[in-house]
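Here's the structure we're looking at; comments come further down.
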Amino acid sequence: MAMRLSGLMSGMDTESIIQELVMVRRTKVDNTKKAQTKHQWKQEAWKDLNSQVLKLYNGALSNMRFESSFMKKTTKVSNPNVVSVITGENAMNSVQNLQIERLAKSAYMTGGELKNAGEEYKGSSKVMDILAANGLDFGEDSESGNINITVNGETKTITVGKDTTINGFVRDLRDAGLNASFDEKNQRLFISSKSTGKDQNFTIMGGDVNGCKALQALGISSYGATEKAYLERLADPANTDTIIAERLATVKDNLVAKKAELTTEQQSKLKQLDAYNALFDGVDTTKPLSEEDLEKVKSKLDSMKSSTNATEKAAYKELQSWVDDYNKITTELDDIVANKLEEAGTDENGNTVYQLTEEHKNAVTEQVEKEIASATELKNLYDTGALKSTVENKIEGDDARISLNGVNFESNSNTFEINGLTLTVNATTAQNEVVTVTTEDDTAGIYDMVKNFFKEYNTIINQMDKLYNADAAKDFEPLTEEEKEEMSESAVEEWEKKIKDAILRKDSTLGTVSSAMKEIMMSGVNVNGKTMYLSDFGIETLSYFIAGENEKGAYHIDGDPDDAATSGNADKLKSMIASDPQSVVSFFTGLSRNLYSKLSDLMRGTEYSSSYTLYDDKRMKEEYNDYNSKIAELEDKLNDYEDNWYSKFAAMETAMAKLQSNASAVTSLLGG
């Protein structure tokens with residue numbers, strides 16, 4: 001703001017005079033701002049009310065349109081300590097007998113104590129140091145050892161080198177599909193399968209002598225029946241040809257499956273590219289991209305890299321990710337097709353048959369022969385005691401087993417899904433104990449669903465009546481910042497609350513919505529040729545003289561223990577749910593559909609309102625923006641008006657200064 005010095009010659013308080021002159025026009029600006037504030041509060045009131053209605057519309061009301069929502073079942077068990085049950089909608093009413101033989105278990109290994117001669121190790125300790133403390137080493141010709149981890153039939157190999165730490169080894173175990181940790185306090189490794197069930201059993205075996213030495217030092221060397229049988233089979237020369245043939249077949253099947261998986265992924269990636277096809281001069285996305293087409297994509301990416309356009313920047317990130325994924329898939333697929341698999345004709349259905357390439361067959365055979373040689377050596381070392389088992393304890397994983405009505409069921413977890421029931425077993429049953437599982441209609445669930453619907457409906461309709469019938473606040477207008485400074489904070493809040501409470505008073509749209517909802521609720525529904533009303537189910541509004549203010553549209557359920565007004569009446573709704581559930585379902589699905597349809601009509605999008613909106617939100621937004629323009633225009637005019645007065649008074653001061661100067665000159669000439 002420019003600094004102004006006024007009234008120096010005239011001695012007048014020109015600042016006050018100008019502000020008084022401007023005040024009248026400033027009031028017009030303030031009034032427009034107040035009108036905009038009230039408009040904003042009205043938008044907020046409608047937005048809040050619309051959210052409540054939309055919640056009812058998408059939630060309770062939407063669910064109650066369908067008979068399936070009323071098909072509720074409940075299940076009780078005679079011993080809830082051993083089993084819990086979730087009842088699905090397809091469960092049958094029944095009384096069943098349950099016995100629990102065993103629970104599902106995870107495979108679990110407790111390693112032997114690492115502490116040696118009083119020395120304790122940390123997670124950062126190197127495996128080589130533990131080997132040395134146990135009188136073991138990898139030998140001069142080797143710096144690492146291999147350990148094979150087999151989980152659910154899949155084997156992964158971990159390499160233990162001279163710099164491998166206990167924590168690093170634990171991470172490798174986790175990457176191989178196990179849970180693992182090192183307890184420094186107890187100096188033990190603890191390892192388990194990630195899931196329960198016998199299919200999750202795991203083995204940890206040395207792939208060579210150094211790998212076995214590492215396992216022995218780490219306290220997790222196991223040479224039980226499983227490991228012994230594995231080594232004996234590999235070490236027996238009579239099994240060599242069979243083992244090689246089995247491995248070749250497995251490798252081929254896995255590669256064929258992997259090729260199919262990668263091809264599907266590649267096709268999926270190409271489909272994604274369709275969205276950007278216009279960018280690439282007609283790149284054909286119906287088949288794997290040629291080198292030329294892929295170069296087009298990469299070239300376009302380079303041109304987009306430095307773009308400042310937000311859309312292109314977002315597209316660049318997505319496409320860069322696409323190229324990386326596509327390259328990875330294609331490279332792996334090309335490797336399989338070029339080096340590991342080759343076509344070997346077709347089967348009777350015309351499908352391509354694959355076989356391993358001679359080169360890859362030789363590579364697999366060579367690897368198996370190495371494993372056989374290593375197994376022979378390891379078996380001898382274990383049998384002679386040069387290598388030994390150091391695992392403290394190993395528990396095999398197992399499946400849960402139950403008997404339901406005399407029929408046995410097994411699961412790799414402690415959860416069973418049987419005929420609409422989800423049973424989670426927590427303990428085995430005592431000898432000769434039979435748990436009774438009783439499934440029946442959940443009348444309480446149906447009652448609660450209806451009750452909860454009316455709780456939501458009543459809250460909304462009471463709020464609508466309160467807003468529509470609010471006391472007028474015509475003497476209250478939003479406060480300017482100057483006015484707020486003259487009042488306490490609580491006084492400002494109270495003042496604004498009076499305006500906000502009355503913001504939708506007698507609003508025509510609100511009146512239309514409220515009346516439409518009440519009309520639907522009072523209307524009848526045809527049930528098997530008979531028109532029924534809410535009153536037939538003991539659900540009515542209170543009389544005019546009993547109902548509270550702005551609560552005359554709310555419904556009350558006779559016999560509802562949570563409703564002081566009607567709790568003493570006979571519970572007609574519960575009786576009808578028990579005696580004639582089909583009529584209850586037919587009525588409430590019909591009533592819900594009618595109200596849902598009416599609200600759909602009221603919330604249909606128009607030129608002035610968005611979809612799922614009861615009020616003219618688009619129009620109100622435009623009106624709010626119009627206020628911004630109008631306020632800016634009025635403020636510009638006010639500033640011009642104020643500047644004009646300052647200019648006039650400045651001119652007067654200048655003229656008076658000149659007059660005084662001339663007068664002084666004349667006086668001086670006259671010798672005054």
Side-chain angles (χ1 to χ4, degrees), residues 148-157 176-177 197-200 207 230 233-234 236-298 318-319 321-373 375 412:
N148 296 327
I149 313 296
T150 302
V151 183
N152 198 16
E154 183 179 354
T155 300
K156 295 181 180 179
T157 299
K198 62 185 179 183
D199 288 341
Q200 294 299 309
Y230 172 78
R233 182 170 185 266
L234 261 66
D236 188 345
N239 297 325
T240 299
D241 291 342
T242 301
I243 292 170
I244 292 174
E246 288 175 351
R247 180 69 64 83
L248 290 172
T250 299
V251 169
K252 186 202 75 173
D253 290 344
N254 288 342
L255 285 172
V256 171
K258 186 64 176 177
K259 179 186 176 301
E261 178 188 335
L262 290 169
T263 302
T264 301
E265 288 183 23
Q266 188 183 58
Q267 290 170 343
S268 176
K269 280 291 168 190
L270 289 169
K271 222 169 190 179
Q272 286 181 15
L273 198 61
D274 285 340
Y276 303 99
N277 202 24
L279 298 173
F280 306 119
D281 302 321
V283 169
D284 186 359
T285 57
T286 62
K287 59 185 180 182
L289 298 187
S290 64
E291 285 295 327
E292 181 182 357
D293 282 344
L294 192 56
E295 282 306 312
K296 287 181 183 179
V297 176
K298 292 177 179 178
E318 291 181 18
L319 281 168
S321 174
W322 182 93
V323 168
D324 292 343
D325 289 345
Y326 187 78
N327 280 338
K328 183 179 178 182
I329 293 167
T330 305
T331 300
E332 194 171 354
L333 192 56
D334 288 347
D335 176 59
I336 291 174
V337 173
N339 303 315
K340 298 175 181 177
L341 285 181
E342 60 185 8
E343 295 185 7
T346 57
D347 60 17
E348 62 274 11
N349 297 318
N351 299 316
T352 302
V353 174
Y354 292 94
Q355 65 184 17
L356 295 179
T357 62
E358 198 64 30
E359 181 181 359
H360 196 57
K361 186 188 295 183
N362 291 338
V364 173
T365 301
E366 183 180 348
Q367 177 61 34
V368 176
E369 288 173 344
K370 286 181 179 179
E371 291 176 18
I372 290 172
N412 59 10

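Every heavy atom of this structure was used, including side-chain atoms; hydrogens, water molecules and symmetry mates were not.
A heavy-atom distance below 4.5 Å is found between the side chains of Leu289 and Leu270. Using a 4.5 Å heavy-atom cutoff, the side chains of Val368 and Leu248 are not in contact. Counting only heavy atoms from C-beta outward, the side chains of Lys361 and Val251 never approach each other to under 4.5 Å. Residues Thr155 and Ile149 form no side-chain contact, since every pair of their non-hydrogen atoms from C-beta on lies 4.5 Å or further apart. Contact annotation: the side chain of His360 approaches that of Leu255 to within less than 4.5 Å [non-hydrogen atoms, C-beta and beyond]. Residues Asn412 and Gln200 fail the side-chain proximity criterion, which asks for heavy atoms closer than 4.5 Å.
The nearest pair of heavy atoms linking Leu234 to Ala375 is CB-CB, 3.5 Å. Minimum interatomic distance between Lys156 and Ala176 (heavy atoms only, all atoms of both residues): CD-CA, 3.9 Å.
Environment of CD in Gln367: crowded, with over 12 heavy atoms of neighbouring residues, nucleotides or ligands closer than 6.0 Å.
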| message | Run Leu341 and Leu356 through side-chain contact (heavy atoms from CB on, under 4.5 Å) and show every step you take. | response | CA-CA 5 Å; Leu341 285 181; Leu356 295 179; 4.0 Å; yes
| said: Before you tell me yes or no, could you show the steps for Lys328 and Asp324 under side-chain contact (heavy atoms from CB on, under 4.5 Å), namely the whole-Å CA-CA distance, both residues' side-chain angles and the distance that decides it to 0.1 Å? | reply: CA-CA 6 Å; Lys328 183 179 178 182; Asp324 292 343; over 6 Å; no
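Rounding to the nearest 0.5 angstrom, the gap separating the CD1 atom in Ile243 from the CG atom in Asn239 is 5.0 Å. Atoms CG and NZ, from Asn254 and Lys252 in turn, are 11.0 Å apart once rounded to the nearest 0.5 Å. How far CG of Leu333 is from OG1 of Thr263: 4.5 Å, rounded to the nearest 0.5 Å. Lys271 NZ to Gln267 CD: the interatomic distance, rounded to the nearest 0.5 Å, is 9.0 Å. Taking CD1 from Ile336 and NZ from Lys259, the interatomic distance works out to 8.5 Å, rounded to the nearest 0.5 Å. A distance of 10.0 Å separates CG in Asp236 from OG1 in Thr242, rounded to the nearest 0.5 Å.
Listed by first then second residue, pairs satisfying salt bridge (Lys or Arg N to Asp or Glu O under 4.0 Å) with a partner in residues 339-354 read Asp335-Lys340, not counting sequence neighbours. For residues 321-346, the ring-ring contact (aromatic ring centres under 6.0 Å, His included) pairs, not counting sequence neighbours, are Trp322-Tyr326.
In this structure, Thr264 contributes its side chain and Ala260 its backbone to a donor-acceptor pair below 3.5 Å.
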